[in-house]
Amino acid sequence: MRLISTRSPKHRVTFTQAVQVGTAPDGGLYVPEPLPCFRDVGALLDMDFQSRSTEILWRMLGDEFSREDLADVVRDAFDFPFPLVPLQQQVFALELFHGPTLAFKDVGARFLAGMLGKVTEREPGLRTVLTATSGDTGAAAAHALWLVPGIRAVVLYPKGRISELQERLFATLGDNVKTFAVEGSFDDCQALVKGCFADAALTEKLRLTSANSINIARILAQTLYYFEASARLKALGMRDAPVFCVPCGNFGNLYAGLLARQMGLPVRAFIAATNANRVVPDHLETGTYAPRPAISTLSNAMDVGDPSNWERIRHLFRDNLGDLRQVLRWGSLDDAGTKRAMWELHAAGILPDPHTAVAYGVVQSKLGLAEICVVLATAHPAKFAEILRQNMNLEVPLPEALVAVQDKLILSETIPADLDRLKKRLLNAPGDL
Ligand SMILES: *Cc1c(COP(=O)(O)O)cnc(C)c1O
């Protein structure tokens, strides 16, 4: 696969190169160019998830990886199901949260880890994956990279500002996973990560890469479940192309869906659902893109004020908002609307997670008669048990993954939000942190 930077086509790299660096040297994001186009989608949809996913990835990455290698990664990374659950007549939820850290970020992170593992087998040498997290991303990346040979995972998170349950999911792993509780906010953590990547010498010395959704491996993996949703609908006898409703934060998930459509998957429309962080809906309405600081909401994994993958979506549509509006509908819910949607899901017999609820709430006013819709369900409600308890007086039974970590010791080291000290810390102990 060849990829170019969103900011300049002259920065051209292979997937193997892109997966190891994160952003392009000009500050842009890597996007596949050209994209493969499938003329046999019907046959692809008749295959099972593992065979189809291997086939699709092989068509994308076959010039760099063997089919066997890709089949290995698919088998190991996607060892959990993606059930399609009916919510109401013609509206389904595709549950993406049955992986080890109970959010859809497991999908991208586990594929990224698998591919980095393959790259490391070929070109040995210690690599460091540095990630800032407000919860879900760090947990997924740490879990996926845990015990992968040749990889050291470093996760930064704001001390005391993520739920204890979330912290226990990834700060208790140890071995090649090092977690830093930063005395500061999530933005401080992100600034530290950006500061490390801006240091070319450090980046090269540590072979630094990112597990955030700027990493194209995560996006490619996420195209696969859009095909899966359509395959399940087809198996149910539903022939019309579905509408996909995506709860958006950094817009990586939506970008993956748009890529799947570009590769030939029939999609009637996408709905971008956001919480009160309305930068993209306002952009689509007014034409002006005005990033602003994120507001805290109930769906905190979507609290993003300047979504990084929007640059990729603009690039895909050659910056033509008119074309984009042909394919994309949008809507947003504030916390009051989110709570209403959570009660509606509860009434439908579903324990709601606030992120999925935003999408479910937005769908109600955006669907045409007789349209079939798939809502992407991005997190397990138990991950947000606290929110359900406080706002709805509902108790969520803890799934096994969370019970298992409840009494484990948190291994994080507390550090100040100080870039120079972090850099020294990373450099001075390259093997064992
Ligand atoms: C990250 C996340 C989102 C937002 O996904 P993007 O790809 O960043 O738009 C939505 N829901 C949950 C639970 C998440 O963790």
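Order of appearance sets the numbers: ligands from 1, and atoms from 1 within every ligand. Sequential numbering from 1 along the given sequence is applied to the chain's residues.
For D187, the salt bridge (charged side-chain N to carboxylate O under 4.0 Å, His left out) criterion is met by no residue, not counting sequence neighbours. With sequence neighbours excluded, no residue forms a side chain to side chain donor-acceptor pair (under 3.5 Å) with W58. R12 pairs by the salt bridge (charged side-chain N to carboxylate O under 4.0 Å, His left out) definition with nothing, not counting sequence neighbours.
For N393, the CG atom is loosely surrounded, since the number of other residues' heavy atoms within 6.0 Å does not exceed 12.
Rounded to the nearest 0.5 Å, atoms CG (L254) and CZ (R312) are 13.0 Å apart.
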Can you produce the list of protein nitrogen or oxygen atoms under 3.5 Å from a nitrogen or oxygen of ligand 1, alongside each distance?
| from | atom 1 | to | atom 2 | distance (Å) |
| --- | --- | --- | --- | --- |
| ligand 1 | 7 (O) | G252 | N | 3.2 |
| ligand 1 | 7 (O) | N253 | N | 2.9 |
| ligand 1 | 8 (O) | N250 | N | 2.8 |
| ligand 1 | 9 (O) | G249 | N | 2.8 |
| ligand 1 | 9 (O) | N250 | N | 3.2 |
| ligand 1 | 9 (O) | F251 | N | 2.8 |
| ligand 1 | 11 (N) | T378 | OG1 | 2.8 |
| ligand 1 | 15 (O) | K105 | NZ | 2.5 |
| ligand 1 | 15 (O) | D136 | OD2 | 2.6 |

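In this structure, F78 and F111 have parallel ring planes: the angle between them is below the 30° cut-off, well short of the 60° mark.
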